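Take a look at the structure set out below.
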Amino acid sequence: VQLQASGGGLVQAGGSLRLSCAASGRAFSSYHMGWFRQAPGKEREFVAAISWSGSRTIYADSVKGRFTISRDNAVNTVYLQMNNLKPEDTAVYCCAADRQRGGVVLATTQTRYAYWGQGTQVTVSS
């Protein structure tokens with residue numbers, strides 16, 4: 001699975017952005033997908049994940065209620081809608097695919113994800 005994220009940019013606090021992650025390969029619909037982010041000087045952290053069917057989602061506490069993860073398996077794309085952005089959301093955001101097709105566990109740990117796209121920069125000004 002090859003992944004490419006896009007949609008980042010510069011936005012004022014309180015604003016919104018929608019990130020997209022386009023995947024290659026016909027098996028996309030079989031993989032759980034996740035979004036992670038890494039701020040300068042910090043470790044990469046989990047943001048959100050969605051099951052292969054789209055029926056289950058999980059979020060980091062820091063983004064719950066503000067971010068929404070979704071997917072469209074017909075176009076091999078996963079999205080991250082980010083609302084009410086805060087300066088502390090500034091980071092490089094990456095999408096990732098689970099190591100296993102049709103997995104049961106929807107994971108928040110990076111080691112569970114085997115396929116990573118390049119990041120897209122999100123900068124939130126105060």
Side-chain angles (χ1 to χ4, degrees):
V1 179
Q2 293 184 318
L3 306 171
Q4 182 163 349
S6 61
L10 173 63
V11 64
Q12 289 187 332
S16 299
L17 283 174
R18 188 175 83 155
L19 305 184
S20 299
C21 174
S24 64
R26 291 176 291 179
F28 170 79
S29 61
S30 300
Y31 290 94
H32 298 335
M33 298 293 296
W35 283 97
F36 293 79
R37 67 185 182 186
Q38 186 167 20
K42 296 186 178 181
E43 295 187 353
R44 188 163 56 187
E45 65 176 3
F46 169 77
V47 175
I50 187 167
S51 62
W52 58 266
S53 67
S55 62
R56 289 183 289 150
T57 58
I58 51 176
Y59 297 91
D61 287 343
S62 59
V63 306
K64 202 172 294 183
R66 300 187 298 122
F67 290 11
T68 302
I69 188 171
S70 61
R71 68 189 296 160
D72 185 342
N73 288 339
V75 294
N76 283 9
T77 303
V78 63
Y79 304 98
L80 185 68
Q81 177 66 44
M82 306 185 294
N83 297 329
N84 191 21
L85 283 160
K86 303 176 181 180
E88 51 263 42
D89 294 319
T90 295
V92 175
Y93 285 71
C94 296
C95 56
D98 194 284
R99 69 170 64 165
Q100 181 181 356
R101 292 176 58 181
V104 175
V105 175
L106 187 56
T108 63
T109 53
Q110 299 178 46
T111 54
R112 179 71 196 186
Y113 293 84
Y115 307 96
W116 292 82
Q118 94 294 351
T120 185
Q121 176 71 47
V122 172
T123 303
V124 184
S125 63
S126 58

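Just so you know, these numbers come straight off a predicted model, no measurement behind them.
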Shortest non-hydrogen contact from [X] toward [Y]:
X   : Y   : value
L3  : M33 : CD2-CE, 3.8 Å
Q38 : K42 : NE2-O, 3.0 Å
F28 : N73 : CE2-OD1, 3.2 Å
R66 : D89 : NH1-OD2, 2.7 Å

Using the rule that two of Ile, Leu, Val, Met, Phe, Trp, Tyr join whenever any of their side-chain heavy atoms come within less than 4.5 Å, decide whether [X] and [Y] are in one cluster.
X    : Y    : answer
F46  : L106 : yes
V124 : M82  : yes
L80  : V92  : no

Are D61 and K64 within salt-bridge range, i.e. N to O under 4.0 Å?
yes

Which value, rounded to the nearest 0.5 Å, describes the distance between [X] atom [atom1] and [Y] atom [atom2]?
X    : Y    : atom1 : atom2 : answer
F67  : R37  : CZ    : CZ    : 5.5 Å
N76  : S29  : CG    : OG    : 7.5 Å
T90  : Q121 : OG1   : CD    : 7.0 Å
S53  : R71  : OG    : CZ    : 8.0 Å
Q4   : T120 : CD    : OG1   : 9.5 Å
R101 : S30  : CZ    : OG    : 4.5 Å

Is it the case that the side chain of H32 and the backbone of G103 share a donor-acceptor pair, with hydrogens and angles ignored and the cut-off at 3.5 Å?
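Side chain of H32 to backbone of G103: a pair is present.
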
Judged by atom type as modelled, is there a donor-acceptor pair below 3.5 Å linking the side chain of R99 to the main-chain atoms of T111?
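Yes: the side chain of R99 pairs with the backbone of T111.
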
Test: ring pair (Phe, Tyr, Trp, His ring centres under 6.0 Å). Region: residues 70-115. Which pairs qualify, not counting sequence neighbours?
Y31-Y115, F36-Y113

Enumerate donor-acceptor pairs with a distance under 3.5 Å from any side-chain N or O in residues 11-20 to protein atoms, sequence neighbours excluded.
residue : atom : partner : partner atom : Å
S16     : OG   : N83     : OD1          : 2.9

When I58, V63, I50 are each screened for side-chain contact (heavy atoms from CB on, under 4.5 Å) with I69, the one that passes is I50

With sequence neighbours excluded, residues passing disulfide (SG to SG under 2.5 Å) with C94:
none

Can you confirm whether more than 12 heavy atoms, excluding those of Q2, are under 6.0 Å from its CD atom?
no

